[in-house]
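A short write-up of the structure that comes next.
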Amino acid sequence: MNKKHTKMLNFDKNHVWHPYTSMSNPLPSFLVDSAEGVYIKLASGEKLVDGMSSWWSVLHGYNHPKLNDALIEQSKKMAHVMFGGLTHEPAINLCKNLIAISPKPLQKVFLSDSGSVSVEVAIKMSLQYWHSKGKSEKHKLLTVKNGYHGDTFAAMSVCDPVNGMHQIFEPVLMQNVFAPAPQGDFFETWNDKELVELEKLFVEHQHEVAAFIIEPIVQGAGGMRFYHPQYLQACREYCDKYNILFIADEIATGLGRTGKMFGCNWAEINPDIMCLGKTLTGGYMTLAATLCTDDVANTISDGEAGCFMHGPTFMANPLACAVANASLQILDTGEWQQQISFIESFLQAHLLPLNNHDRVNNARVLGGIGVVETIDTVDMEYIQKRFVELGVWIRPFGKLIYIMPPFISNRDELNLLVTAISTVLNEAPCFNGLSLEQ
Ligand SMILES: *Cc1c(COP(=O)(O)O)cnc(C)c1O
């Protein structure tokens, strides 16, 4: 680390907010110089295998020639134009591509800037839908505990009430209805006992609920839980039966991560509204999409406002759309299926045996997601430093050490990730709780 780097990090520490860390006493940040393939190169010289895909967004690796080209070529034509009254080929192609891979009934696409905004858009669509039908009393959302849908206000109002610290924002937060988190494990025999309470909530609140929102199959930031496809099927049934729109938040699960193109595919259901984000540009830029059915779009458009009330400045940014198209083109080769099943079998072989480890509560794997839930909470600062020493970038939270490697990860790279996890599990200072010896 040279003097310039130290100065930069000092400024960063004193003036730059980082996500979910204190500004007065922040966790340290590592200065990145560049990234290539699955590697993140630190300014201090270390090369780390990325186990996080930069918050689950990188699919085909960093500094990818095809994605770079798409960006460069588009930048020579135009970096941006407004989307009001104007349109362009990158956006038209992107919407065409998204409709082609999405569940059939989803025919209309609203592009926006980030995952949270796409959730806001989905929620506003559902409220405007019922308003147009003369049922503005249907303005609440029904969801499940342990969910995560983003950090803006409406998105936050459907995040887990405890993890999302709802009490702080109580006076301005939408008051929504929460069902217990799905219990049936993805890998276990389905037992429909839990549906009794769920259906009761649909019955009780049908008159005031506009939409049900859920992350299909995998609850991500709210606990990395994999639940049973039959649960999702039941949710779809209840939405039909009780006149409630179904919003699938596929921001983390969409585009292959779980082993199917979308989480919804595991249950063979179609949502009325679907959110995509994170992976949409292969991890290059911020872009999100909210897809909906003809019925949702037409009902909104025939309503009082005559249009959908949303329009971000950078809607359908051509650079972002062009790089998204390049990423979807790579997905279209179908290679992702072999890549994910290779990652899945590797993680199954190397992480599932950790279920016998004294410090592990549960280890689980689905598609390109490996989770080791520990008994004690991790010591973030210490464990982060250890992972860097071990040559990997893994960022745990709470009791969750998890990886979602880029699709292109090979055996050696995956091996470095799982070895690092096994190593820290044997090191007491990585955890705040009692040490193994006690
Ligand atoms: C990350 C995430 C979001 C929020 O996306 P941002 O781009 O961070 O705003 C919403 N829903 C799910 C399921 C996510 O994983």
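A quick note: this is a predicted structure, and the numbers were derived from the prediction, not measured. We count ligands from 1, going down the list as the structure has it; atoms in each ligand are counted the same way.
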Can you confirm, on distance only, whether ligand 1 has an N/O atom lying under 3.5 Å from any N/O atom belonging to [X]?
| X | answer |
| --- | --- |
| G150 | no |
| S116 | yes |
| D249 | yes |

H88 ring center within less than 6.0 Å of F83 ring center: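 So the answer is yes for these two rings.
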Identity and distance of the protein heavy atom lying nearest atom 5 (O) of ligand 1: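 Nearest protein contact, heavy atoms only, for atom 5 (O) of ligand 1 is G115 CA, 3.3 Å.
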Side-chain heavy-atom pair F262, M274 within 4.5 angstrom cut-off: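 Counting from C-beta outward, F262 and M274 do come under 4.5 Å.
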Side-chain donor-acceptor contact under 3.5 Å, D50 with Y62: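 Checked: D50/Y62 side chains pair up, N/O donor to acceptor below 3.5 Å.
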Show me which atoms of ligand 1 lie under 4.0 Å from any heavy atom of [X].
| X | value |
| --- | --- |
| K278 | 1 (C), 2 (C), 3 (C), 14 (C), 15 (O) |
| A252 | 15 (O) |
| H149 | 10 (C), 11 (N) |

Contact check, W56 vs ligand 1, heavy-atom distance below 4.0 Å: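 The answer is yes, since W56 has a heavy atom less than 4.0 Å from ligand 1.
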Test: K260 cationic atom under 6.0 Å from W266 six-membered ring centre, within 45° of axis: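 Yes, K260 lies over the aromatic ring of W266.
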N-O pairing of E89 and K77 below 4.0 Å: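 Salt bridge flag = no for K77 with E89.
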S409 side chain vs P406 backbone, donor-acceptor pair below 3.5 Å: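 Checking the backbone N and O of P406 against the side chain of S409, a donor-acceptor pair under 3.5 Å is found.
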